[in-house]
Structures are given as structure tokens and as C-alpha cells.
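Read through the structure below, which is laid out as C-alpha cells, and then see the notes.
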Protein chains: 2
Amino acid sequence: MKLSTKGRYGVKAMFDLAQNYGSGPIPLNSIAQRNSISEHYLEQLIAVLRKAGLVKSVRGAQGGYILSKSPEAITIGDIIRVLEGPIAPVDCVSEEEPEPCNNAEFCVTRSIWARVRDSVADVLDSITLADMLEEEKKRRDESYMYYI
Amino acid sequence: MKLSTKGRYGVKAMFDLAQNYGSGPIPLNSIAQRNSISEHYLEQLIAVLRKAGLVKSVRGAQGGYILSKSPEAITIGDIIRVLEGPIAPVDCVSEEEPEPCNNAEFCVTRSIWARVRDSVADVLDSITLADMLEEEKKRRDESYMYYI
DNA sequence: TAGAAAACCTAGTGAAATACTAGGGAATGA
DNA sequence: TCATTCCCTAGTATTTCACTAGGTTTTCTA
């Protein structure tokens, strides 16, 4: 039940782009540095995000990446599904084309995995990049208050 | 975010033992056969469950395995934690001894993974083997009604 | 009391995934 | 033109997964 670095790095990178939303294209090396991620590896992940339409790229000098939608319109669920595949603790309850087993009708364990899938999806789909920006701001304010 | 066969097979085997609770020790080969699991592999998984105190074994002919507590007292969360380790989508929010990262205090992604962890744990901890027996019974009854 | 049935134990193994690295090419702004 | 940046394919060490192999030990029963 672990997320791989694909999902984790992907969310970090997308959040970084959200923080810089409106400042033109952000080069990948700066994202990689700020988040301590191998640039070459992140390149492969962002290629997947680009092909899925979550980010746009600008080539050449002063190029980089931009969110293709506003932070309010992108959920963590969107990012995770692109990088880790459909949300499902087991294949027989996959969100898309679940692998059928012989007695899916009566399998009691299956209904448990479906509940796990739904609760994970509910959490991830309810959080947008904008929510994260808000949360970040709140934390900074709190930390400021603390030091007064 | 996938469960391995360890967790899946483990839950199936424990549910099988719950269905046979009160009938003395159940030999492993019968559990393996009923659930289409490699007996030798299941042996290794049930050894873990035994060492964790979830099942008791009876050696020798007519021996087998028994739940060490009643089905009401064993949750799916108990089984999953024993076979898959602490519930956590990433190590920094592990239920036991989370790996600290340099800025855990301010990491916004971290709080997302904590919410995922909690929602999964809530589901798994809320379901006992007795609940599964109930659900199984309900399904059988419904299927019986259908065929009248 | 032999022997079958069962649990118990350690080690090996092929396949797949993970988390990268290597080494380029192609577009574009200054 | 040339530095900067994205784009692409391929390779690779490590780890995990899902087993299999081949035993030993305990205990019931005939």
C-alpha cells in the first residue's frame, strides 16, 4: 500500500508549478533542485504529465513548464492516476476495466477493497493544488504569528 | 498503492478460518485449496500471522490452524498490518516510527499522505472478520431469495 | 509402534518493478 | 551562433514479489 516516488515526486513538482503559477514557464532544473529530485528522473515523470495534458511545455532557452489548467482545476487524484495508474488496492476493483475473478458476485473481500479504493479516491479527489497553496499560506502565517 | 498477495491471501485465509471457527483446527492444505492459493506460499504467510498471535497452530495429524481470538475481535487492519507492515502511503507518515524529513513541519504534501493513511486505516479497522461472516450470510440469503 | 498427516524451517529463484544514469538530439531566445 | 532548455531511447543495479525445493519435527491413529 505504498506510493512510489513517481506519485510523490509528481505531486511535489505539480505543487511547485502551482506556487509559480502566473510567472511564465518554470525550468525543470529549478523544480528538481528546490525539491531535491534527480533532474533526469523528474524529466521522465513530467513527460508523462505532459502527455496526459496536466502541464504544457515551452522549449528553448527561457523555456520550462506551466500548469495547463489553474490550480483550482487540478486535483491530487488527477496527478496520482496519471503517474501511478488507476486507484485500486487490488486489480479486481480497479477504477477502469477491473480484472474480473470467477466469483466477483459473492467475494466478500472484494467489497472491502472497493471501500478502501473509494475512501482513498475521495481524499485525493477532494484536494486541489489551490487547496495546497491555501494550506501552505496558513502555515506560514501561523509560523509568523508564533515568532512575534 | 497496491496491496501485495500477502495481504490479500492473508485476509482470505483468515476469513476461511473465521468461517470454520469452532470446528477445531483447520489444516492449511484445505484452506489453500478452497482459496486457490499455493499451499507452500500460504505456509509462509500464516507463519507470520502465528508469530503475531493472530492464529494458533496444532501440530501433528488432525492438526491445523485456529483463530486465536473470536472473529469479532480481529479486524482486517490487524491482518494487513501484520503482513504488509504499518499502513502508510509514504514512510514519512508511517503509523510507527515515521521517517522524519527535514521540513516535516511545513511539508504540505505530507499532510495529504496523512489523510490518506487515516482514511485507509479507518476503513480497515472498522471491519472485523465477524462483519465479513455477516455480509457473506446476507449475500447467500439474497441469492436464495432470488432463486425462489 | 509404525506410519501417515500435519506443522515448521531455510534457502534458492525467475520475473518484474523501482529509481535511477548515460548519452544523445531538437527547438528557441539573446 | 550558442547557451539553454525540452525531448527521447536505452541501459542498469537493487529490491521486492511470488513462489518452489527439500527437508525436519510433532502427534494422532490403526
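First the proteins, then the strands, lettered A, B, ... as listed; each starts at 1. Note that this is a predicted model, so its numbers are computed, not measured.
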When rounded to whole Å, the CD to C1' distance for the pair B:E84 and D:dA18 reads 13 Å
From CG of A:D91 across to P of D:dC17 the rounded distance in Å is 15 Å
Quiz item: Does the pair A:E142/A:K138 count as a salt bridge with the N-to-O cut at 4.0 Å?
Solution: no
Distance-only donor-acceptor test, A:Q44 side-chain atoms vs D:dC8 base atoms, 3.5 Å = no
A:R50 atom CZ is separated from D:dT5 atom P, nearest whole Å, by 17 Å
Distances for protein N/O vs nucleotides 23-26 of chain D N/O pairs under 3.5 angstrom?
residue : atom : partner : partner atom : Å
D:dT25  : O2   : B:R59   : NH2          : 2.9

A:Y41 OH to C:dA17 C1', in whole Å, measures 10 Å
Output for pair (B:R81 CZ, B:L124 CG), nearest 0.5 Å, gives 7.5 Å
Review point. Is the shortest distance from a Lys or Arg side-chain nitrogen in A:K12 or A:D16 to a carboxylate oxygen in the other one below 4.0 Å?
Key: no
Between A:S23 and A:N20, do the side chains contain an N or O donor and an N or O acceptor separated by less than 3.5 Å?
no
Taken to the nearest whole Å, NZ/B:K56 to P/C:dC8 is 13 Å
### Query
Do A:D131 and A:T128 have side-chain atoms, one donor and one acceptor, less than 3.5 Å apart?
yes
CG of A:L49 to NZ of A:K6, rounded to nearest 0.5 Å, is 12.0 Å
B:M1 CE to C:dA17 P, in whole Å, measures 18 Å
Taking 4.0 angstrom as the limit, do B:D122 and B:R117 come out as a salt bridge?
no
ask   = Do any side-chain nitrogens or oxygens of A:S57 fall under 4.0 Å of OP1 or OP2 in D:dC6?
value = no
- Item | Below 4.0 Å: OP1/OP2 of C:dC8 and any side-chain N or O of B:Y65 | yes
- Query: B:T5 side chain N/O closer than 4.0 Å to the phosphate oxygens (OP1, OP2) of D:dC17?
  - Reply: no
Expected list for residues 6-39 of chain B near DNA chain D, using heavy atoms below 4.0 Å, is B:K6, B:Y9, B:S38
Separation of D:dT16 atom P from B:L45 atom CG, nearest Å, is 16 Å
Nearest heavy-atom contact between A:L129 and A:A18 is CB-CB, 4.0 Å
Notebook entry, point to check: Would B:E135 and B:R139 pass as an ion pair if we require N to O under 4.0 Å?
Noted result: yes
